[in-house]
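Source: prediction; values computed, not measured.
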There are 4 protein chains.
Amino acid sequence: MEEDISATSAPRRRQARGKRRMAQLLDAAASVFCKCGYTKASTNAIAREAGVSPGTLYQFFPNKEAIAVHLGERLMQQMLEAHGQAFTDANVSLPLDKMLDAILDPIIEFNLRNPAFLALIHGPDTPGEIASSKQVLHATLQRQVEEAITLRAPELPHDQCVRVATTAFVIFREGLSLAMQHQGAERAAYIVELKAALTGYLAPTIGTEAHAVRH
Amino acid sequence: MEEDISATSAPRRRQARGKRRMAQLLDAAASVFCKCGYTKASTNAIAREAGVSPGTLYQFFPNKEAIAVHLGERLMQQMLEAHGQAFTDANVSLPLDKMLDAILDPIIEFNLRNPAFLALIHGPDTPGEIASSKQVLHATLQRQVEEAITLRAPELPHDQCVRVATTAFVIFREGLSLAMQHQGAERAAYIVELKAALTGYLAPTIGTEAHAVRH
Amino acid sequence: MEEDISATSAPRRRQARGKRRMAQLLDAAASVFCKCGYTKASTNAIAREAGVSPGTLYQFFPNKEAIAVHLGERLMQQMLEAHGQAFTDANVSLPLDKMLDAILDPIIEFNLRNPAFLALIHGPDTPGEIASSKQVLHATLQRQVEEAITLRAPELPHDQCVRVATTAFVIFREGLSLAMQHQGAERAAYIVELKAALTGYLAPTIGTEAHAVRH
Amino acid sequence: MEEDISATSAPRRRQARGKRRMAQLLDAAASVFCKCGYTKASTNAIAREAGVSPGTLYQFFPNKEAIAVHLGERLMQQMLEAHGQAFTDANVSLPLDKMLDAILDPIIEFNLRNPAFLALIHGPDTPGEIASSKQVLHATLQRQVEEAITLRAPELPHDQCVRVATTAFVIFREGLSLAMQHQGAERAAYIVELKAALTGYLAPTIGTEAHAVRH
DNA sequence: GATGAATGAGTCTTCATTCAT
DNA sequence: GATGAATGAAGACTCATTCAT
């Protein structure tokens, strides 16, 4: 608008650089969160890992938590882009064990590539601070689980559905965490256990059979 | 009070006072860990809560983690004293649901009275520092679970047994955590879910029937 | 609007835009200085308030203090334009109380509309940095007061005149400040006190009677 | 009590050291406040000036403002100790000019020795932050002025008395500030102006004559 | 002229730990 | 054993200013 004659205007280029920096910072944050956990990850360390000064970090994020929130959002979005079909009706109507495979396998695979996911989903150990960082992932995933359960067991009262989803979610989270703490065959074996746990827990509530869903 | 001239020798008295101080400090630590979580609990805060100076604290514990470790040990011991019979053969040979009631109810009740238990069992969110603090409770409880499972399913390969125990343990830990985050009826409902999850998970492995055990 | 193709030449247009920008920035600065005081007003905040980038701000002012200086100059100029007749011979020759009314009332009224005036006239609390910012307003006003006093009391030695002017000026400044800290009737009452203070101070030196002045 | 046989017990000695450190820190703060003003005085600078680490400073004061408050309190106390008789009935009943001499001279002299007084009484330039630091000195002194005025002019309505005291106080403060900015004869001359200003302002309200006061 | 990213020293404050008494 | 002062590195965050585009 002002003075640009070039094809890609200056403001646009600047904006692009901004996006790149944010990505860079989020990458660094992911790395540091993994190494140290949320609490011990320092903003200065994140900046250093990103190769920028602390001031730069704060040009993009107002505080440490915002970094976690953005990272969480980016992770969620990437996961949905990569495996958005996990919670589709097609999957949800499969027999329970197939359904769990269809839903969990992509998520697990995503976690292997993005270990920051687990770091975030655990958040700080401080009781009060339920941590918006945690919230983002938590809320989104849990809503999906709730929806899936509602589809499979429409007669379940809402509050009970919430409890089941919540419980299923923490089982998933901790089972995954366990798996990630191991390698190779052991990890695979823990994933088997995780699925067994979810199957065992959910079967009485939502049944094991294939199940036509309709909204 | 302090300097009584009773028959008991001076060293013994000193030792007794030491025990009292440690108990005092551990009580304070429990309280602070509950309020703040492990990471944000400062040794100064613990000392203040105990009504002693930081220097005194370090006369009994070499560092922050040692406090957590000792607290964990004391909690374990108190739990065993109060509910040592939880994992007895009698209980372990009950039908699965009865067994879970028999084992979990005392532990849950103990947690209600000692919320520091949960704070410790979660420990710092720092990955590396899987925290000897956590370890104490973890290890002890898990061993008990392993034993129980071995009794119920002696043919299970050892490594599989470990995985099952580990998985069952995290389900228990997180389910309990969920319950403690709620109150009254909601808490009770979450406990029901917790038991349902464990039942569902363990039934295929260790069976639901009563089961005579023998060492 | 910006890029109109009118007769006026490009450089002139650019210069006009420059003036507009400066005005814009000074307005923003006035607003921020009022809200935060000189010290806590950040250049970034001023730029933001003006709706421009920090870089742009520094294209017009070499540093924070220059902004204050320019703002001071603009305020002085606006005040002279609006109430330039305050220190005219006609006013200065009035009886003391009428003279104070004639001089102070417009200035006070100007301050009501331009509260940045007070913010500037106080400047940073830093001793060394008696602050050119402050200086501008200070110097100009004080010179006028000196002139008025010289006219009323030509026989007064110069250095004494300076002291009287200086003292009268700070009385005025702080009295005004006090008035601005209150509202409505209370403010009016403080203005009465301000005038009483100046009358009481100046009467012995420059007399209360009307006084023909001549240069 | 515990193990001390010495004349001055260990705890007492420790407490003494604490007091000494606080005094040391307040001295340092006074010095830094004078050099830099309240706003630019950094807690680290104060600690450095006191020859201790930042942590030590925070063992005695919870934050920067508390330092200022304590310093203000100490200054007030020292002033009262040194010149507590300034506002006595004897002085207040003198003729106005004698009264001002009797009251102001000691205060002025105190300021010469404790220039931090002025730094504190001005406080940060931030508008909102009326600064408890400032408050301490302000409030105490103003109350004394109010009392003196009430004694001299008992018929004055209370709110008017407050305004007069407030105005007189700021005249004093700024006049003193002016004097402190100069040296030698010039300073003396400014003190003369200060007294003239107060005399001129107060005479109409509280009269110039000696005045028997009674409570 | 305009932009906004980049800087980096500096601010206040905390905390695990040590040490003289 | 007990005290509490002392430490100092570290943390989150700010801001005047510069620079590439």
Side-chain angles (χ1 to χ4, degrees), chain A residues 1-4 6 8-15 17-18 20-22 39-47 51-65, chain B residues 2 14 17-18 21 40-48 52-65, chain C residues 2 14 17-18 21 40-48 52-65 67, chain D residues 1-4 6 8-15 17-18 20-22 39-47 52-65:
Chain A
M1 275 167 181
E2 291 282 282
E3 309 283 349
D4 55 306
S6 59
T8 57
S9 62
R12 196 173 311 202
R13 262 205 312 282
R14 243 183 280 115
Q15 206 169 323
R17 188 166 49 143
R20 229 179 305 135
R21 264 294 126 83
M22 274 191 63
T39 306
K40 292 204 123 188
S42 88
T43 56
N44 284 0
I46 294 172
V52 302
S53 68
T56 299
L57 186 155
Y58 280 90
Q59 200 122 32
F60 293 92
F61 304 99
N63 53 45
K64 185 174 162 180
E65 183 158 330
Chain B
E2 291 282 282
R14 221 181 293 141
R17 193 171 54 168
R21 271 285 132 87
K40 290 205 130 188
S42 85
T43 55
N44 284 349
I46 293 171
R48 202 180 320 123
V52 304
S53 66
T56 299
L57 185 155
Y58 278 88
Q59 211 115 32
F60 292 90
F61 304 99
N63 53 44
K64 185 174 164 181
E65 183 157 329
Chain C
E2 291 282 280
R14 220 181 295 140
R17 194 171 56 169
R21 271 285 133 88
K40 291 204 130 189
S42 85
T43 55
N44 284 349
I46 293 172
R48 202 180 320 120
V52 304
S53 65
T56 298
L57 186 155
Y58 278 88
Q59 210 117 31
F60 292 90
F61 304 100
N63 54 45
K64 186 175 164 181
E65 184 159 326
I67 303 173
Chain D
M1 279 162 182
E2 290 283 283
E3 308 283 349
D4 55 307
S6 60
T8 56
S9 63
R12 195 172 314 204
R13 263 206 312 284
R14 243 183 280 116
Q15 205 169 323
R17 189 166 49 142
R20 229 179 307 136
R21 264 293 126 85
M22 273 191 65
T39 307
K40 292 204 122 187
S42 88
T43 55
N44 283 0
I46 293 173
V52 302
S53 68
T56 298
L57 185 155
Y58 280 90
Q59 199 121 31
F60 293 91
F61 305 99
N63 53 45
K64 184 175 162 182
E65 183 157 331

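- Closest to the side chain of C:Phe60, from the set E:dA2, F:dG4, E:dT13, is E:dA2.
- Dashed line: the shortest gap from a side-chain N or O of B:Arg21 to OP1 or OP2 of F:dG1 is not under 4.0 Å.
- Between the CZ atom in C:Phe60 and the CD1 atom in C:Ile67 there is a gap of 12.0 Å [rounded to 0.5 Å].
- Across F:dT7, E:dT13, F:dA5, the shortest atom-to-atom separation from the side chain of D:Val52 is found for F:dT7.
- For the pair A:Lys64 NZ and F:dA10 P, the computed distance is 15 Å after rounding to whole Å.
- The phosphate of E:dA2 (OP1 or OP2) has no side-chain N or O of C:Ser53 nearer than 4.0 angstrom.
- Rounded to whole Å, atom P of E:dC15 lies 18 Å from atom CD of B:Glu65.
- With E:dT3, E:dC15, E:dA5 as the choices, the nucleotide that has an atom nearest any side-chain atom of B:Ser42 turns out to be E:dC15.
- Taking OG from A:Ser42 and NZ from A:Lys40, the interatomic distance works out to 11.0 Å, rounded to the nearest 0.5 Å.
- We find that CD1 of C:Ile67 is positioned 14 Å from P of F:dC15, with the value rounded to whole Å.
- If you measure from atom CG of D:Leu57 to atom C1' of E:dT13, you get 10 Å, rounded to the nearest angstrom.
- In the set E:dA16, F:dA2, E:dA2, E:dA2 carries the atom at the smallest distance from any side-chain atom of C:Thr56.
- Residue whose closest nucleotide on DNA chain F sits further toward the 5' end, between A:Pro54 and B:Gly18: B:Gly18.
- Looking at heavy atoms from C-beta onward, C:Thr43 lies out of side-chain contact with C:Phe61 at the 4.5 angstrom threshold.
- Between the CZ atom of C:Arg48 and the C1' atom of E:dT3 there is a distance of 15 Å, rounded to whole Å.
- A close approach under 4.0 Å does not occur between any side-chain nitrogen or oxygen of B:Thr43 and OP1 or OP2 of E:dC15.
- Rounded to whole Å, the distance from NZ on A:Lys40 to C1' on F:dA12 is 16 Å.
- Residue D:Tyr58 has no polar side-chain atom (N or O) positioned under 4.0 Å from OP1 or OP2 of E:dT14.
- Contact annotation for A:Asn63: backbone-only contact, meaning every heavy-atom pair under 4.0 Å involves sugar-phosphate atoms and none involves a base.
- Using a 4.0 Å heavy-atom cutoff across all strands shown, B:Ala41 reaches sugar-phosphate atoms only and no base atom.
- Heavy-atom distances to DNA chain F give each of C:Ala45 and D:Asn44 a nearest nucleotide, and the one nearer the 5′ end belongs to D:Asn44.
- With both pairing distances under 3.5 Å, F:dT3 is matched to E:dA20 as a Watson-Crick or G-U wobble pair.
- A distance of 10.0 Å separates CG of D:Leu57 from CE of D:Met22, quoted to the nearest 0.5 Å.
- Here the side chain of A:Gln59 is nearest to one of F:dT3, E:dA5, E:dA2, namely E:dA5.
- Set against E:dG4, E:dA2, F:dT3, the side chain of C:Arg17 has E:dA2 as its closest nucleotide.
- The distance from the CG atom of D:Asn44 to the NZ atom of D:Lys64 is 10.5 Å, given to the nearest 0.5 Å.
- For the pair B:Phe61 CZ and F:dG1 P, the interatomic distance rounds to 12 Å; values are reported in whole Å.
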